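Report on one structure; see the data block that follows.
Since the structure is predicted, the reported quantities are computational estimates derived from the model, not experimental observations.
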Amino acid sequence: MTSSAHHTVRIAGLADVDALVDLVESAYRGESSRAGWTHEADLLDGQRTDRDMVTTAVMGPDGSVLVVEEGTRLVACCQVERRDDHAYFGMFAVAPLRQGGGLGRELLGVAERHAEQEWGAGEMRMTVITQRDDLIAWYERRGYVRTGEITPFPYGDERFGQPRRGDLAFETLVKKLG
């Protein structure tokens, strides 16, 4: 998809599933995640994703998982999913030691162009944990707007982690494309 002297952005395949699970877990959970600023270690324990969820995302007919590869190592990823009149952005992860250098911003831009050019999507949507003020502000600086549309956190479904507090919820953010 895109390439620079240091890394390549491409669509993930089945061979990438284990590395993707490791990348997402390292960016969001446990002590290793605290090296970066996007972690959820203070909000959630347990897993962020698993092999089945990542395999479904990689193989799904209505989406793509984009990866940033440096040499043989995956350093960032995201999922872009085609929905009725928009695209959905999720599973966004940047390796903790690579955060803050513009890699996430670059990948988000690639994902937006992919959704617009491949599917004609007019807007990108995502959900972010409402308590993540720093992350929401980061998206707002990239043109995303808070909708006020709140979705409850899936308490009791350990596939999405074990909450450390009882007030977690998601807010939908939207950006017009094109």
Side-chain angles (χ1 to χ4, degrees), residues 1-3 7-84 86-99 103-104 106-108 110-112 114-115 118-119 121 124-132 135 139 151-165 168-173:
M1 296 185 72
T2 67
S3 190
H7 61 262
T8 302
V9 181
R10 62 174 175 81
I11 294 176
L14 267 181
D16 298 310
V17 168
D18 289 333
L20 281 164
V21 172
D22 290 347
L23 172 62
V24 171
E25 292 298 310
S26 75
Y28 288 98
R29 298 288 193 269
E31 281 310 305
S32 68
S33 71
R34 293 179 187 278
W37 67 274
T38 65
H39 69 82
E40 298 168 345
D42 297 328
L43 301 175
L44 294 148
D45 291 319
Q47 71 175 34
R48 177 62 151 68
T49 192
D50 59 33
R51 259 189 132 267
D52 289 344
M53 292 164 72
V54 172
T55 300
T56 299
V58 167
M59 298 306 294
D62 290 321
S64 303
V65 174
L66 308 180
V67 295
V68 179
E69 191 172 44
E70 288 181 346
T72 59
R73 194 166 153 258
L74 299 187
V75 294
C77 67
C78 68
Q79 178 183 14
V80 188
E81 197 174 287
R82 181 175 35 193
R83 302 220 174 145
D84 294 336
H86 67 278
Y88 182 82
F89 180 80
M91 204 171 79
F92 188 33
V94 178
L97 296 175
R98 294 290 278 115
Q99 293 174 19
L103 195 58
E106 177 188 341
L107 183 56
L108 178 60
V110 171
E112 291 168 353
H114 180 77
E118 295 295 317
W119 307 324
M124 185 78 88
R125 294 184 193 172
M126 67 178 70
T127 56
V128 180
I129 293 175
T130 56
Q131 285 79 4
R132 297 295 316 280
L135 188 57
Y139 284 119
T151 312
F153 186 86
Y155 284 93
D157 187 342
E158 294 202 351
R159 290 179 310 155
F160 300 99
Q162 299 160 344
R164 300 181 71 166
R165 48 194 285 180
L168 298 180
F170 296 102
E171 182 170 2
T172 299
L173 307 184

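Across every non-hydrogen atom of A95 and L23, the tightest pair is N-CD1, 3.6 Å. Closest non-hydrogen pair, F170 versus T127, comes out as CB-CB, 3.8 Å. Closest approach of S64 to H114, counting heavy atoms only: OG-NE2, 3.2 Å. Closest non-hydrogen pair, A115 versus V80, comes out as CB-CG1, 4.0 Å. In terms of heavy atoms, V58 sits closest to G13 at CG1-C, 3.5 Å. Of all heavy-atom pairs between C78 and F92, the closest is CB-CD1, 3.9 Å.
Checked by atom type and distance alone, the side chain of Y88 never pairs as donor or acceptor with a backbone atom of Q79 at under 3.5 Å. The main-chain N or O of V94 is found under 3.5 Å from a side-chain atom of Q99 such that the two form a donor-acceptor pair.
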Given R83 and R125, is the side-chain contact (heavy atoms from CB on, under 4.5 Å) satisfied, shown in steps? CA-CA 10 Å; R83 302 220 174 145; R125 294 184 193 172; over 6 Å; no
May I have the step-by-step check of side-chain contact (heavy atoms from CB on, under 4.5 Å) for R98 and V68, ending in yes or no? CA-CA 11 Å; R98 294 290 278 115; V68 179; over 6 Å; no
For the pair V24 and V54, evaluate side-chain contact (heavy atoms from CB on, under 4.5 Å) and give the outcome as yes or no after the intermediate values. CA-CA 10 Å; V24 171; V54 172; 5.6 Å; no
Residue pair L108, M124: steps toward the side-chain contact (heavy atoms from CB on, under 4.5 Å) verdict: CA-CA 10 Å; L108 178 60; M124 185 78 88; 5.5 Å; no
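Residues T55 and D52 fail the side-chain proximity criterion, which asks for heavy atoms closer than 4.5 Å. The side-chain heavy atoms of M91 and V65, taken from C-beta on, include a pair separated by under 4.5 Å.
Rounding to the nearest 0.5 Å gives a distance of 12.5 Å between CD of E171 and CD1 of I129. Note that the CH2 atom of W119 and the CG atom of D62 stand 8.0 Å from one another [nearest 0.5 Å]. Here L74 contributes atom CG and R10 contributes atom CZ; the two are 6.0 Å apart, rounded to the nearest 0.5 Å.
In this structure, Y139 and F89 have perpendicular ring planes: the angle between them is above 60°, well past the 30° mark.
Take E112 and apply the side chain to side chain donor-acceptor pair (under 3.5 Å) test, not counting sequence neighbours, and it matches Y144, K175.
For the pairing with R51, the salt bridge (charged side-chain N to carboxylate O under 4.0 Å, His left out) check across D22, D18, D16 returns one residue only, D18.
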